[in-house]
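Both counts, for ligands and for their atoms, begin at 1 and track the order of listing.
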Amino acid sequence: MRIIADRLRCVGAGQCSLVLPEIFDSDDEGLVVVIGEVTEADADGLRHAVRICPVGALSLRPDSSPAPGTPQAAGR
Ligand code: SF4
């Protein structure tokens with residue numbers, strides 16, 4: 001799984017870094033930075049962080065999903 005942090009949406013509330021300080025930190029502007037490797041062992045904490053982010057800036061994706069903004073091949 002991967003955690004996606006939308007820094008354009010983040011308001012620096014810091015809830016995520018309280019839940020998982022080994023994965024989330026904030027930069028000099030107070031916006032979220034993903035600093036740690038995400039493992040399956042973190043799944044429950046990550047889901048909690050996604051739920052409590054007040055602006056919905058965090059999302060979980062399976063490892064196999066493309067990164068946001070990745071062009072997709074057209075289907076036939
Ligand atoms: S909880 Fe959401 S708004 Fe707060 S720092 Fe984390 S990503 Fe940003």
For residues 5-19, tabulate all N or O donor-acceptor pairs below 3.5 Å that involve a side-chain atom, not counting sequence neighbours.
unit_1 : atom_1 : unit_2 : atom_2 : d
D6     : OD1    : L8     : N      : 3.0
D6     : OD1    : R9     : N      : 3.3
R7     : NH1    : D27    : OD2    : 3.0
R7     : NH1    : V32    : O      : 2.8
R7     : NH2    : D27    : OD2    : 2.8
R9     : NH1    : G56    : O      : 3.1
S17    : OG     : G14    : O      : 3.1

In sequence, state the C-alpha distance, the side-chain angles, and the governing distance for F24 and V33, and then conclude on side chain to side chain contact (heavy atoms under 4.5 Å, CB included). CA-CA 6 Å; F24 300 107; V33 180; over 6 Å; no
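- Partner L58 forms a side-chain contact (heavy atoms from CB on, under 4.5 Å) with one of L46, V50, I4 and no other, that one being V50.
- Tally of protein N, O or S atoms closer to atom 2 (Fe) of ligand 1 than 2.8 Å: 1.
- The side-chain hydrogen bond (donor to acceptor under 3.5 Å, both in side chains) search around D44 returns R47, not counting sequence neighbours.
- Closest of all the heavy-atom pairs between C53 and A57 is SG-N, 3.3 Å.
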Pair up each side-chain donor or acceptor in residues 35-43 with any protein partner under 3.5 Å, not counting sequence neighbours, and list the distances.
unit_1 : atom_1 : unit_2 : atom_2 : d
T39    : OG1    : A41    : N      : 3.3
T39    : OG1    : D42    : OD2    : 3.2
D42    : OD2    : T39    : N      : 3.1

